[in-house]
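The model shown is predicted, which means the values in this text are computed figures rather than measured ones.
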Amino acid sequence: MTKPKCRPKIAARSIARKTVKPTSRKRRAAASSRSKARIETKHARVIAMLQTPAGTTIAAIVKITDWQQHSVRGFLAGIVRKKLGLNLVSELTDKGRVYRIKDGNAASAGANRAKQAA
């Protein structure tokens, strides 16, 4: 028969773990470098397209973001209009429906929509 192997006591192992100090983690990147990297997000690209005087179509946004059409419409309604409170206007042109962000506050745009509905 072979002898069973001796294992160190559990209390001795837990004490050894507690005496070792954990190494401190250093910051990987400064906040300014992270914000520069976030400038080219899909949201930022779409908003930049919408801020041009010519505006943009849903098809152009789909092409640049790889989103589906219903996702683009949800982004325009939920993020651009509601969360960001931007004045998003749409016009029917020969290219199709063109969306753009018009200068001015969103409250007046909401009032205009309410007048149109009445």
Side-chain angles (χ1 to χ4, degrees):
M1 284 190 155
T2 60
K3 285 186 176 180
K5 293 183 180 179
C6 293
R7 293 186 180 197
K9 294 181 181 178
I10 296 172
R13 286 194 341 200
S14 64
I15 293 171
R17 283 188 195 150
K18 290 179 183 176
T19 58
V20 177
K21 289 186 178 181
T23 58
S24 63
R25 294 184 183 181
K26 294 183 180 180
R27 288 187 160 176
R28 291 185 179 181
S32 61
S33 65
R34 272 188 265 154
S35 63
K36 288 179 185 176
R38 299 286 299 177
I39 290 173
E40 286 301 318
T41 61
K42 289 181 181 181
H43 285 198
R45 279 190 238 151
V46 172
I47 291 172
M49 291 171 69
L50 292 168
Q51 287 176 335
T52 61
T56 187
T57 62
I58 288 182
I61 297 171
V62 165
K63 187 175 180 181
I64 201 160
T65 59
D66 292 328
W67 292 341
Q68 294 183 6
Q69 286 183 359
H70 65 274
S71 300
V72 173
R73 288 191 298 271
F75 172 78
L76 294 176
I79 303 297
V80 176
R81 280 190 175 142
K82 291 184 181 177
K83 276 195 175 179
L84 298 177
L86 298 173
N87 188 4
L88 183 70
V89 295
S90 66
E91 299 170 346
L92 192 58
T93 65
D94 57 337
K95 294 188 291 183
R97 188 159 295 278
V98 176
Y99 295 87
R100 63 186 174 91
I101 295 173
K102 190 175 180 182
D103 291 335
N105 57 5
S108 64
N112 290 341
R113 275 190 231 114
K115 287 179 186 176
Q116 288 176 355

Practice item. Return each pair, listed once, that meets ring-ring contact (aromatic ring centres under 6.0 Å, His included) where at least one residue sits in residues 71-96; pairs must be two or more places apart or across chains. Key: His43-Phe75, Trp67-Phe75

Point to revise | Enclosure of Gln69 CD (heavy-atom neighbours >12, cutoff 6.0 Å) | key: no

Could you pull out every donor-acceptor pair under 3.5 Å between side chains of residues 54-63 and any protein atom, sequence neighbours left out?
| unit_1 | atom_1 | unit_2 | atom_2 | d |
| --- | --- | --- | --- | --- |
| Thr57 | OG1 | Ala60 | N | 3.2 |

Review point. CE of Met49 to CD1 of Ile101: how many Å apart, nearest 0.5 Å?
Key: 11.5 Å

Check your understanding: Please, which pairs that meet salt bridge (charged side-chain N to carboxylate O under 4.0 Å, His left out) have at least one residue in residues 66-80, sequence neighbours excluded?
Key -> none

Exercise for review: Indicate yes or no: at least one non-hydrogen side-chain atom of Val46 is less than 4.5 angstrom from one of Val72.
Suggested key: no

Point to revise | Residue Lys42 excluded, over 12 heavy atoms near NZ under 6.0 Å | key: yes

Review point. Do the side chains of Leu84 and Ile47 get nearer than 4.5 Å, heavy atoms only?
Key: yes

Check your understanding: Just by modelled atom types, is the Thr65 backbone N or O under 3.5 Å from a matching donor or acceptor in the Arg45 side chain?
Key -> no

Review point. Does anything in residues 88-101 pair up under side chain to side chain donor-acceptor pair (under 3.5 Å), and if so which pairs, sequence neighbours excluded?
Key: Ser90-Arg97, Glu91-Arg100

Review point. What distance separates Leu86 CG from Leu76 CG, expressed to the nearest 0.5 Å?
Key: 11.0 Å

